[in-house]
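Basis for what follows: all heavy atoms, side chains included, without hydrogens, waters or symmetry-related copies. The sequence lines fix the lettering, A, B, ..., with proteins before strands; numbering per chain opens at 1.
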Protein chains: 2
Amino acid sequence: MPKRNHDDPALKLDNQLCFAVYSTAHALTRTYKPLLDALNLTYPQYLVMLVLWERDGMTVKAIGQRLHLDSGTLTPLLKRLETAGYVRRQRASDDERQVNIHLTEQGQALYERAHSVPQEILSASGGNARNLLALKQNLLQLRDTLNAAGD
Amino acid sequence: MPKRNHDDPALKLDNQLCFAVYSTAHALTRTYKPLLDALNLTYPQYLVMLVLWERDGMTVKAIGQRLHLDSGTLTPLLKRLETAGYVRRQRASDDERQVNIHLTEQGQALYERAHSVPQEILSASGGNARNLLALKQNLLQLRDTLNAAGD
DNA sequence: GAAATAACAATTGTGCACAATTAAATTTCC
DNA sequence: GGAAATTTAATTGTGCACAATTGTTATTTC
């Protein structure tokens, strides 16, 4: 039985944009890991902290919209952040369906220790801020195109 | 007690390249999902199939090197692909530590049904192949820089 | 104002992703 | 030739990520 030829260039791994995004995301997470270990955060937890440092007291829903994550991901993650002492979860009194997430003193204080993280990531990324900014814009455009296509 | 100002632009979510990569990766996975559901594959399983379609009979180790994944991820994933009937896992006779992964007839046949996937992804991505190719190259350069920095 | 509907968080179940450990086989070095 | 080091896959445990469901609370509709 002759082996079939598999020669569609579109199905070669090295031609897949998606694998480039996927493997770069993992490389970035691995780069963040030692930096975030020092803050006792995982990368998704760090994203939640970034959101809360911009605006404290957001609901789970609002955090999820900002990060494109749902409650199935956020609820246990936020409970771990609460256990770590960085946030407080409080059901809203005016609408008992919602849960507001507030930073604790410790969570506020963590901001000061986070300043060095973006610098180190920039450095590990090669340090060309202009190129990286353009890359970010291109990615966001792709992301928004994909999200618009799948509505 | 006055609320502290959190105004380091480097710590704004919207300025983070990493979040752009992270959220684009998720958007891509979501775009793939309905296409891959039809093939009874998840996205990481699809990546493994791409690798095997290029070269059948690879070891777990070699697949992991290609995809930047370790055996803790691949072993259960490959067992699920075996249950689905797409691959066969066989311990090498010359070196019993290694496990070779071979496509089944069904796994070979799946290739024919996969041709439409990259086309549909390209279409959902906006269809500008030239821009997407440049984006891919920029991402791979970033990934390789990060991997080189963290050795 | 009661019933239907919608909004929201939590829960459950499946499948990655990776660190750390284990176990087995092979290679290296003396 | 045999002890020690190395290689390899599997296992275990933690933490996302998301679909589907559940239960509660608000809101809308009649």
Side-chain angles (χ1 to χ4, degrees), chain A residues 18-19 22-34 36-37 40-49 58-65 67-84 86-87 89-101 147 150, chain B residues 18-19 22-34 36-37 40-49 58-65 67-84 86-87 89-101 147 150:
Chain A
C18 187
F19 178 62
Y22 170 89
S23 55
T24 304
H26 290 163
L28 274 164
T29 301
R30 279 191 288 268
T31 305
Y32 270 100
K33 181 148 202 321
L36 294 182
D37 277 353
N40 194 28
L41 290 174
T42 65
Y43 179 67
Q45 290 168 8
Y46 172 70
L47 291 179
V48 169
M49 295 302 287
M58 292 176 78
T59 63
V60 175
K61 173 82 172 175
I63 295 172
Q65 285 176 337
L67 298 177
H68 303 112
L69 296 173
D70 70 2
S71 71
T73 300
L74 288 174
T75 295
L77 184 156
L78 290 167
K79 285 182 177 173
R80 283 185 284 270
L81 280 181
E82 187 173 44
T83 301
Y86 291 145
V87 306
R89 297 162 64 247
Q90 187 165 30
R91 209 160 270 278
S93 55
D94 58 325
D95 185 340
E96 298 260 341
R97 293 170 304 185
Q98 300 180 33
V99 173
N100 293 109
I101 310 296
N147 285 339
Chain B
C18 188
F19 178 62
Y22 170 88
S23 56
T24 305
H26 291 163
L28 273 164
T29 301
R30 280 191 287 270
T31 305
Y32 270 99
K33 181 148 202 321
L36 295 182
D37 278 352
N40 194 27
L41 290 174
T42 65
Y43 179 68
Q45 290 168 7
Y46 172 70
L47 291 180
V48 169
M49 295 301 286
M58 292 176 78
T59 63
V60 174
K61 173 83 172 178
I63 296 172
Q65 284 175 336
L67 298 178
H68 303 112
L69 295 174
D70 70 2
S71 71
T73 301
L74 287 175
T75 295
L77 184 157
L78 290 166
K79 285 182 178 173
R80 283 185 284 271
L81 280 180
E82 187 173 44
T83 300
Y86 291 146
V87 307
R89 297 163 63 246
Q90 187 165 29
R91 208 160 271 279
S93 54
D94 59 325
D95 185 341
E96 298 262 341
R97 293 169 303 183
Q98 302 181 33
V99 173
N100 294 108
I101 309 297
N147 286 338

Undergrad: Give one of base, sugar-phosphate or nothing for A:T59, where a contact means two heavy atoms less than 4.0 Å apart.
TA: sugar-phosphate
Undergrad: If you measure from NE2 on A:H68 to CZ on B:F19, what distance do you get to the nearest 0.5 Å?
TA: 6.0 Å
Undergrad: Determine the contact category for A:T73: base if any of its heavy atoms lies under 4.0 Å from a base atom, sugar-phosphate if only primed atoms, P, OP1 or OP2 are that close, otherwise nothing.
TA: base
Undergrad: Quick one: pull up OH in A:Y32 and CG in A:L47 and give me the separation to the nearest 0.5 Å.
TA: 8.0 Å
Undergrad: Got a second to check how far B:L74's CG is from B:L67's CG, nearest 0.5 Å?
TA: 7.0 Å
Undergrad: OG1/A:T75 to CZ/A:R80 distance, rounded to the nearest 0.5 angstrom?
TA: 10.5 Å
Undergrad: Evaluate the side-chain contact (heavy atoms from CB on, under 4.5 Å) criterion for residues B:L81 and B:M49: first the C-alpha distance (whole Å), next the side-chain angles of each, then the deciding distance (0.1 Å), finally the verdict.
TA: CA-CA 9 Å; B:L81 280 180; B:M49 295 301 286; 4.2 Å; yes
Undergrad: For DNA chain D, whose closest nucleotide is more 5', that of B:Q98 or that of A:G72?
TA: B:Q98
Undergrad: DNA chain C: A:V99 or A:Y22, which has the more 5' nearest nucleotide?
TA: A:V99
Undergrad: Yes or no on side-chain contact (heavy atoms from CB on, under 4.5 Å) for B:Y86 and B:L41, after CA distance, side-chain angles and deciding distance?
TA: CA-CA 10 Å; B:Y86 291 146; B:L41 290 174; 3.8 Å; yes
Undergrad: Just checking A:L69: base, sugar-phosphate only, or nothing, at a heavy-atom cut-off of under 4.0 Å?
TA: sugar-phosphate
Undergrad: Heavy atoms only, 4.0 Å cut-off, all strands: where does A:T42 land among base, sugar-phosphate and nothing?
TA: sugar-phosphate
Undergrad: With heavy atoms of chain A within less than 4.0 Å as the criterion, where does contact along DNA chain D begin and end?
TA: D:dG15 to D:dA26
Undergrad: Measure from CE on A:M58 to P on C:dC8 and round the result to the nearest Å.
TA: 13 Å
Undergrad: Return the set of residues passing ring-ring contact (aromatic ring centres under 6.0 Å, His included) with B:Y22 (not counting sequence neighbours), or none when no residue passes.
TA: A:Y43, B:H26
Undergrad: Is the closest side-chain heavy-atom distance between B:V87 and B:E82 below 4.5 Å?
TA: yes
Undergrad: Using the closest heavy atom to pick a nucleotide of DNA chain D for each, name whichever of B:R89 or A:H68 lands nearer the 5' end.
TA: B:R89
Undergrad: Over all strands shown, is A:L77 touching base, sugar-phosphate only, or nothing at heavy-atom distances under 4.0 angstrom?
TA: sugar-phosphate
Undergrad: Considering only nitrogen or oxygen atoms on both sides, find all protein atoms under 3.5 Å from nucleotides 25-27 of chain C and state each distance.
TA:
{"residue": "C:dT26", "atom": "OP1", "partner": "B:D94", "partner atom": "O", "Å": "3.3"}

Undergrad: Could you tell me the separation between the CG atom of B:N100 and the CZ atom of B:R89, rounded to the nearest 0.5 Å?
TA: 11.5 Å
